[in-house]
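Before any comments, here is the structure.
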Amino acid sequence: MAKVKTKWVCQSCGYESFSYLGRCPDCGNFATFCEESVQDTPQLKSNSAPSLVLNSELRAQKINDVKNDEKIRLKTNMQELDRVLGGGFVAGSLVLLAGDPGIGKSTLILQTCKNLCSKDLNKNPVCALYICAEESPEQVKLRALRLGVNSDCLYVTNQNCLEEVIKQIDEIKPEFLVVDSIQAVFSSQITSSSGSVSQIRECTNILMHIAKQKNITTVIIGHVTKEGNIAGPKVLEHMVDCVINFEGDRYKSYRILRSIKNRFGTTSEVGVFNMEDDGLSEVLNPSELFLNPSESANCGCSVIATLEGTRVLLLEIQSLTGSTPYPNPRRVARGIEYNRLLQILAVLEKRVGLNLSKQDVYINVIGGIDIIEPAADLGVALAVLSCARDIPLREKTVIIGELGLSGEIRAVDNLEKRLKEAQKLGFECAIVPCVNKNISQKINKLDIKVIQVSKLTDAIIQAFKQN
Ligand code: TYD
Ligand code: MG
């Protein structure tokens, strides 16, 4: 009997080796190698030389002749999801929806199916097939009842063998396919167990071909490992058109949808949802969710306006300072970059003489959002100062501006847009960087008091003045 050939595959990155390795030379993880059998790849036939006759369907065409069809976007009627996708699912695309177990991936995708298949929302309801490889159709039905799913166009199966799934696809001919989850399906062509790197890679490959060939929009759901990687391999991310992450605090009800890779749109958009008893509801104005409705300002708190993609988010920044018994004081930054906090503290020390070398400093951005743009610098600096001096900042004031190393306040993009959002949410005053005449004229027309400052010291005088 022929000996079965095996190889060792790193379950973290997909690196292959002929022998067991304790540490993966590619990703550096320990004890991640598993033995898998090698499939003999079919030998090329000697007479399989490429044909010299050009197939007319495959002929290259001029870019101007390529059809630009708006209908290739499948709109889900969920504004938050559509925006993250860049205007809806592109027909025939392969999307990976990743997230921690229990965060609400199945709920989100079932609601998407509900909207796509609904006769009330669409002129031509989409036919969808939901592969619930982790649950039975009865369990999915329970969730569907909770979400009010009622459609003749939505099919469910808990078949987890991909070859059987393909038969179902041929029979039902869906336009939208969901595989929940990729870790639970397997291909009978591969001997390793489901969830292994080889299985995940092969199954995604098969699904990618089906999606492109039959023009079926496919969503695959993937779990995230403890380290935060999409379970198993990074290889998955390369194969799909879009990777969207569903994140959030399991103990809080809001969830954030973030696109990490998008071949058909920007990756800077976020969508915000709220998990309720009857499913996820969209949060169209997230600033309202993240801001504290209390009227009076607290010491150590400031409100900043940041841009997430095309949308302005008003977020509260909290700071806490306190003396430490240890020689090395702690610096904790949640929601802003650690090094940026160190830089802001250094500017505060040098330019306004705030010495925090014997104090711990904690910064927290409410809402679990990571601020990456520097427009929040001034807000962070003033929050720290407010806490250290125990004086609250001016009430109903939003603070916008980047802090330079010499204590200057630098301009930010889209100032007018940020101010409009602040005005909409009831803010009465804004401290902003100095801007040119044109912008100045525009922002002075707004119904919010705009104070332009050029130096940190000016900003401090204005921010601690009470109205
Ligand atoms: P689920 O979609 O099963 O998560 P995932 O597929 O990411 O593992 O959602 C799990 C959680 O969502 C569960 O803890 C219950 C909660 N949930 C609600 O709060 N309301 C609802 O309407 C639904 C369907 C779920
Ligand atoms: Mg699930």
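One-based numbering, in listed order, for ligands and for the atoms of each.
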Just to be sure I read this right, does ligand 1 sit under 4.0 Å from the backbone of Leu280, its side chain, both, or neither, counting only heavy atoms? neither
Suppose we screen for salt bridge (charged side-chain N to carboxylate O under 4.0 Å, His left out). Which residues come up paired with Arg331, at least two apart in sequence or across chains? none
Mark yes or no for whether Lys105, through its side chain, and Asn245, through its backbone, hold a donor-acceptor pair below 3.5 Å. no
Any idea which of Arg146, Arg143, Lys105 brings a heavy atom closest to atom 21 (C) of ligand 1? Arg146
Residue, atom and distance of the protein heavy atom nearest atom 20 (N) of ligand 1 read Glu276 O, 2.7 Å
Do you see a donor-acceptor pair shorter than 3.5 Å between the side chains of Ser281 and Glu276? yes
Evaluate Ser106 for polar contact with ligand 1, using N/O atom pairs at a separation under 3.5 Å. yes
If we count only N and O atoms by modelled type, under 3.5 Å, do the side chains of Glu175 and Thr217 hold a donor and an acceptor together? no
Output the distance between atom OG (Ser187) and atom CZ (Arg201), rounded to the nearest 0.5 Å. 13.0 Å
Run the side-chain donor-acceptor check on residues 107-121: report pairs under 3.5 Å with partners two or more places apart or on a different chain.
residue, atom, partner, partner atom, Å
Gln111, OE1, Leu280, N, 2.8
Gln111, NE2, Leu280, O, 2.9
Thr112, OG1, Leu108, O, 2.7
Lys114, NZ, Leu147, O, 3.0
Asn115, ND2, Thr76, O, 2.9
Ser118, OG, Asp120, N, 3.1
Ser118, OG, Leu121, N, 3.1

Using modelled atom types only, decide if a donor and an acceptor are shared between the side chain of Thr397 and the backbone of Glu395 within a distance under 3.5 Å. yes
To the nearest 0.1 Å, how far is atom 10 (C) of ligand 1 from its closest protein heavy atom, and which atom is that? Gly102 O, 3.6 Å
For residues 205-212, dump all side-chain donor-acceptor pairs below 3.5 Å to protein atoms at least two apart in sequence or in another chain.
residue, atom, partner, partner atom, Å
His209, ND1, Asn205, O, 3.0
Lys212, NZ, Asp241, OD1, 3.4
Lys212, NZ, Asp241, OD2, 2.7

Identity and distance of the protein heavy atom lying nearest atom 4 (O) of ligand 1: Gly104 N, 3.1 Å
Short list, please: which atoms of ligand 1 are under 4.0 Å from a heavy atom of Thr107? 1 (P), 2 (O), 9 (O), 24 (C), 25 (C)
Would Pro101 count as being in polar contact with ligand 1, using the rule that some N or O on each side must be under 3.5 angstrom apart? no
Of all protein heavy atoms, the one nearest atom 22 (O) of ligand 1 is Gly279 N, 2.7 Å
Are Gln168 and Tyr155 packed together at the side-chain level, in the sense that at least one heavy-atom pair is separated by less than 4.5 angstrom? no
Ligand 1 versus Asp278: contacting region, heavy-atom distance under 4.0 Å: backbone
What distance do Glu428 atom CD and Lys396 atom NZ have between them, rounded to the nearest 0.5 Å? 4.5 Å
Between the side chains of Ser253 and Asn274, is a donor N or O closer than 3.5 angstrom to an acceptor N or O? yes
With 2.8 Å as the limit, jot down which protein N, O or S atoms are around the Mg ion (ligand 2). Ser106 OG
Can you confirm, on distance only, whether ligand 1 has an N/O atom lying under 3.5 Å from any N/O atom belonging to Leu147? no
Below 4.0 angstrom from a heavy atom of Met275, which ligand 1 atoms are there? Numbered from 1 as shown, please. 12 (O), 16 (C), 17 (N), 18 (C), 19 (O), 20 (N)
Backbone of Asp413 reached by a side-chain donor or acceptor of Arg418 within 3.5 Å: yes
Scan the protein's non-hydrogen atoms and note whether one is under 4.0 Å from atom 15 (C) of ligand 1. no
